[in-house]
Amino acid sequence: MSTTTAGTTLGLDAHALSEQLSGLAQGLGIERWDLGAACSTDTSVQVDRGEAKQLKGAQRSAITVRVWNGDGLVGITSTSDLSPAGLARALSGARDASAYGNADDIPAFSPLATAPLEPLDQPLVEPRGILELLDTLREAERDLLGRHAAITTVPYNGLAQRSSERLYLNSAGACREQKLTTASLYLYARGEEEGRKPRSSGAVRLAYGLQQLDVAGCIAEAAERTIAHLDYAPIQTGHYTCIFSPEAFLDLIGAFSSLFNARAVLDGVSLSNRDALGSTLAVPFLSIHDNGLHPGNVGASNFDGEGTPVRRLALVEGGVLRHFLHSEATARAFGVEPTGHAGLGAKVSVGPHWFEVGPSAGSSGGASGLNRHTADGVVWIDSLSALHAGVKASQGSFSLPFDGWLIRNGEARSIEAATVAGDIRAVLKGILGFEGEAKLTPDGLCPHVWVEGLSVTGDA
Amino acid sequence: MVASTARPLLALEGFDLSWRQRLEPLLAAGRAAGASLVEVFLESTDHIGLLAEQDRITSVSPAFGRGAGVRVFRGERDGFVSTNDLSERGLMVALEQALGMLGLTVNSNGISGFDGLPDLRDYALAKGDWLVACPTLAESTDRLLEGTALLEQHGQHLQARRGSYARDWQEVMVAASDGTFARDIRLHQSVGLTALAADGEHRASQGRRYGSTDRPDDLRQWDAQTAAVDLCASTQAMLHAEYVEAGTYPVVLANRFGGVIFHEACGHLLETTQVERGTTPFADRIDAPIAHSAVTAIDEGLSDGAFGSLSMDDEGMAPQRTVLIENGVLKRFLSDRAGELRTGHPRTGSGRRQSHAFAAASRMRNTYIAAGPHTPEQLIESVDRGLYCKSMGGGSVGPTGQFNFAVEEGYLIENGRLGKPVKGATLIGEAKEVMPRLSMCANDLELAAGFCGSVSGSIFVTVGQPHIKVDAITVGGR
């Protein structure tokens with residue numbers, strides 16, 4: 001069912017795929033099924049001091065098919081083989097797996113799988129040749145290396161472009177399709193001065209195609225961040241007011257997104273419980289929305305894994321927990337509509353798309369006049385690391401290494417090495433206010449966030 | 001209807017000798033186009049993932065796939081293309097794309113200099129029935145439910161109980177124009193238990209995972225009772241633990257998964273991918289001391305049944321036992337084909353990748369610190385005030401060599417004895433500074449299964465060590 005055109009773009013024919021699945025299902029006695037499929041073509045390059053070492057291309061295809069057996073139980077199979085034989089194998093595998101479906105929690109088709117979709121403005125950009133990608137990245141690396149004598153390598157770098165298609169089909173006639181092209185650039189430089197430890201920092205940019213990519217901005221940000229960490233000093237262990245960069249705060253919220261995840265709530269592994277809606281979670285001037293449709297969200301989808309439309313959803317407004325993220329099954333359990341945050345699985349996962357964080361409409365926004373450039377004795381957290389290891393989402397606690405600066409009398413000096421530790425609930429209730437306009441990042445929209453009283457441990 | 005036999009859900013076509021006729025023209029075409037080396041990696045996979053929650057099976061997720069990775073070298077540069085299309089045309093398209101990345105084109109008049117593939121080195125010969133010898137779905141689900149029931153039996157204040165099982169079967173064939181022609185079947189099984197306890201504001205979650213390679217019967221042999229008792233004791237100990245006070249401590253790290261400290265602090269820095277990037281401080285330190293003389297560290301793919309063991313690596317080379325550090329002195333780097341080409345360090349059978357979608361890179365296999373002369377008690381007795389890390393979580397290392405990892409279960413050491421449990425500790429440091437402080441090794445080496453994510457994807461590894469003592473390390477806490 002996949003075709004190759006011009007050697008670069010895979011194609012999914014939703015109508016033909018649907019007909020084929022219907023025929024195969026009928027032959028296997030399967031009356032009810034749905035399917036998610038994706039195809040993509042990627043090219044990417046990496047360079048090392050002007051030399052290309054490895055250039056990569058990938059053609060990927062994948063389908064996940066679910067079936068409901070005669071007892072109404074659900075089975076699932078995934079495969080990368082989109083040939084008729086592969087589809088048949090997937091269907092029969094899903095049918096066999098359905099014998100183990102969970103009778104206590106049976107997914108159904110989303111009632112919104114055929115509801116109108118919000119249109120997305122996603123221009124499809126013709127991919128460029130890989131040698132043009134290579135030239136662009138080489139030039140970017142050369143530019144970055146020239147920004148400071150201490151920057152001698154950019155050990156982590158990459159320029160990639162992707163053309164992709166995805167679709168959702170079900171036996172009740174739902175048919176969702178999306179085509180997307182994206183390009184991405186990351187530059188992580190390493191700086192080292194005589195007798196000093198190496199330092200590293202970087203930047204990322206996304207766009208719909210190579211032409212729209214903000215290469216200059218990525219170089220400038222990577223250089224600025226790396227240079228700003230060269231002159232480092234140890235920090236004394238203690239409690240500090242911390243200013244989270246937009247990227248760092250979004251990382252923290254993302255790591256604790258089980259707070260808003262109805263699946264995690266039902267499974268008893270969220271800090272929230274069923275009755276938490278309407279309770280105060282944060283300072284009264286904080287709002288958090290999930291908005292996968294934001295124009296700044298390159299790579300947005302307007303439907304989720306179950307075909308439900310994606311929409312803007314208030315999670316926290318005025319510090320109060322307003323909504324959970326839902327799949328069809330969790331929404332049914334809560335007696336609400338699905339919100340467009342589902343994956344596709346035997347047990348359907350739920351997850352956020354893209355956060356908007358900032359002051360609640362009509363609120364004071366917390367303390368005014370916050371300015372890290374004139375502050376004293378505060379820690380400015382530029383980026384957090386090791387979130388996979390240092391976050392205990394079900395407990396609320398975190399202990400994370402970070403890169404950042406200690407600000408004394410408005411002078412920022414990079415911190416040699418340190419961790420920041422705390423509890424997400426205390427963080428959300430310890431926000432002092434916001435500084436500056438919200439910044440557009442790959443993960444969301446957020447201003448600098450001031451939080452009081454966090455524990456910072458300096459390296460020995 | 002419940003499947004009652006061990007037969008896999010999905011029958012897949014294997015890679016037999018007929019592939020020689022399909023691969024040789026491809027390798028010849030690549031060489032004729034001007035490539036110095038052409039490599040094709042074929043893969044077929046059959047995966048089952050199971051999840052049990054409380055006393056229910058909540059997810060059964062079969063997955064299967066096929067694909068190829070085509071890699072072409074021209075000097076030190078290489079082009080890599082992966083595809084799910086294993087037809088002759090699909091593979092040729094992938095080759096053409098890989099060649100095109102290096103400025104080469106298929107030329108039917110070119111002279112390849114390729115003499116054909118030799119006899120197949122078939123590591124899979126005795127493994128053909130492994131997939132059907134694995135536990136059936138019915139057996140697997142029963143064992144998982146046994147595990148979650150044992151958690152309920154032994155735990156207190158448990159809010160969530162989970163068991164998970166994954167069976168990854170993989171058949172690979174590697175053919176390269178240097179005469180590599182090899183086939184293997186790999187079988188990895190892992191089973192884990194996790195528990196979340198809650199008592200008012202106090203919460204603790206702990207997990208344990210056990211994994212093996214090439215042992216179809218292993219889930220049947222899994223000691224669920226011991227795993228559940230150990231996990232419940234750990235969860236209970238940490239439920240009311242206080243947060244550790246931040247600072248610099250001498251630390252004693254328990255054996256088995258404590259080995260993550262060497263994996264993160266030093267192991268990654270001894271891969272040639274790091275030498276290539278210029279991100280290891282040890283690049284020019286062969287035969288120089290880089291660690292305390294108490295430290296001998298080894299990486300190998302040979303330990304029977306260990307999660308990182310291999311019959312051959314993903315470039316078709318038999319794995320070695322590689323002594324990385326001997327009595328504190330750096331001896332070898334872990335190297336793959338590209339690493340050897342670009343850095344001069346000889347290959348060690350360490351070329352590994354998650355799947356056909358990744359080019360192989362130098363990666364760790366079973367990595368451990370060798371046993372020393374002491375008892376674990378002697379290490380603890382040598383500490384006045386410090387931290388005992390009984391169970392470790394994950395960790396990472398950055399481009400500057402700064403590493404970190406999380407302590408899942410920790411206890412204070414006071415006057416040479418174990419004291420109260422503490423939580424929330426993260427250890428951070430830099431390899432160059434910490435390795436010389438690793439001053440004592442005990443006599444109780446054990447390995448533990450884990451997963452390692454890096455440049456060529458997520459792969460099966462083991463970490464390991466005896467109890468070790470680090471004289472001083474930064475502990476992030478409250």
Side-chain angles (χ1 to χ4, degrees), chain A residues 4 7 48 51-61 75-82 89 93 96-97 99-100 102 104-105 130 153 155-156 188 190 197-200 237 267-269 345-347 385-386 388-390 392 394-397 399-401 417-419 421 455 457-460, chain B residues 1-3 9-10 51 53 56-67 76-85 93 97 101 137 141 159-160 196 203-205 246-248 276-279 357 359 393-396 398-400 402 404-406 424-426 428 472 474-478:
Chain A
T4 303
D48 180 14
E51 292 297 322
K53 286 198 302 192
Q54 188 169 77
L55 300 96
K56 292 183 187 172
Q59 296 153 348
R60 296 188 179 94
S61 54
I76 188 168
T77 295
S78 301
T79 180
S80 60
D81 185 354
L82 271 63
R89 244 184 248 135
D96 289 352
Y100 299 88
N102 181 6
D104 288 346
D105 188 5
I130 196 163
T153 59
Y156 295 90
Y188 280 80
R190 187 174 189 267
K197 291 180 182 177
R199 310 289 283 169
S200 180
T237 296
D267 291 347
V269 294
K347 177 176 180 170
S385 342
H388 69 288
K392 290 279 193 184
S394 61
Q395 299 174 39
S397 62
S399 180
L400 297 166
T419 62
S455 174
T457 306
D459 195 3
Chain B
M1 184 180 68
V2 175
L9 285 173
L10 312 157
L51 178 66
E53 293 173 279
R56 275 277 183 193
I57 295 295
T58 56
S59 178
V60 176
S61 306
F64 64 95
R66 287 164 72 78
E76 292 187 3
R77 188 194 294 188
D78 68 286
F80 175 77
V81 172
S82 65
T83 179
N84 292 126
D85 186 351
V93 168
Q97 289 183 334
M101 292 172 178
L137 273 176
T141 54
Q159 181 167 305
L196 169 65
R203 296 164 79 89
S205 63
T248 300
E276 288 179 47
R277 291 170 190 266
T279 48
S396 65
T400 61
Q402 193 82 33
N404 61 80
F405 52 100
T426 297
I428 61 170
T474 300
V475 179
R478 297 280 177 94

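None of these values were measured; they are calculated from a predicted model. In what follows, every chain begins at residue 1, and chains take the letters A, B, ... in the order their sequences are listed.
No option in N84(B), D85(B), T83(B) other than N84(B) meets the side chain to side chain contact (heavy atoms under 4.5 Å, CB included) test with S61(A).
Residues L55(A) and M101(B) approach most closely at O-SD, 3.3 Å, considering heavy atoms. Minimum heavy-atom separation, S80(A) to G65(B): OG-CA, 3.1 Å. Considering all non-hydrogen atoms of both residues, P155(A) and T279(B) come closest at CB-CG2, 3.3 Å. Residues A160(B) and D267(A) come closest through the heavy atom pair CB-O, 4.0 Å. Counting all heavy atoms, side chain and backbone alike, V269(A) lies closest to L196(B) at CA-CD2, 3.9 Å. Summarising the geometry of Q159(B) relative to G268(A), their closest heavy-atom pair is NE2-O, 2.6 Å, with the distance given to 0.1 Å.
The greatest number of non-hydrogen atom pairs below 4.5 Å with chain B, out of A421(A), P401(A), S399(A), is found for S399(A). With respect to chain A, the highest number of heavy-atom pairs below 4.5 Å among A472(B), G395(B), G424(B), S61(B) belongs to G395(B). Chosen from E76(B), R203(B), Q402(B), the residue pairing most often with chain A at heavy-atom distances under 4.5 Å is R203(B). Counting heavy-atom pairs under 4.5 Å between each of G278(B), G398(B), A425(B) and chain A puts G278(B) at the top. Contact tally against chain A (heavy-atom pairs below 4.5 Å) for V81(B), V475(B), T426(B), D78(B): the top residue is D78(B). Ranked by heavy-atom pairs shorter than 4.5 Å toward chain A, the options G79(B), G477(B), G393(B), A406(B) are led by G477(B). Ranked by non-hydrogen atom pairs under 4.5 Å with chain A, the options G67(B), G394(B), S205(B), G247(B) are led by S205(B).
At least one side-chain heavy atom of Q59(A) sits under 4.5 Å from a side-chain heavy atom of Q97(B). Residues E53(B) and K347(A) have side chains in contact (heavy-atom distance under 4.5 Å, counting atoms from C-beta outward). Side chains of S397(A) and R478(B) form a contact here, defined as non-hydrogen atoms less than 4.5 Å apart.
In terms of the salt bridge (charged side-chain N to carboxylate O under 4.0 Å, His left out) criterion, residue partners of R190(A) (sequence neighbours excluded) are, by chain and number, E192(A). When the side-chain hydrogen bond (donor to acceptor under 3.5 Å, both in side chains) test is applied to T457(A), no partner is found at least two apart in sequence or on another chain.
In this structure a side-chain-to-backbone donor-acceptor pair under 3.5 Å is missing from R56(B) to N102(A).
Neither the backbone nor the side chain of D105(A) comes within less than 4.5 Å of any heavy atom in chain B. Interface remark: I76(A) contributes backbone and side-chain atoms alike to the contact with chain B (heavy atom separation under 4.5 Å). Using a 4.5 Å cut-off between heavy atoms, N404(B) contacts chain A through its side chain alone, with no backbone atom that close. Contacts of T237(A) with chain B are made by side-chain atoms alone, with heavy-atom separations under 4.5 Å and no backbone atom involved. Residue contact with chain B, scored on non-hydrogen atoms closer than 4.5 Å, involves the side chain of K392(A) exclusively.
From S82(B), atom OG reaches atom CZ of R60(A) across 5.0 Å, with rounding to the nearest 0.5 Å. The structure places CG of L137(B) at 4.5 Å from OH of Y100(A), a figure rounded to the nearest 0.5 Å.
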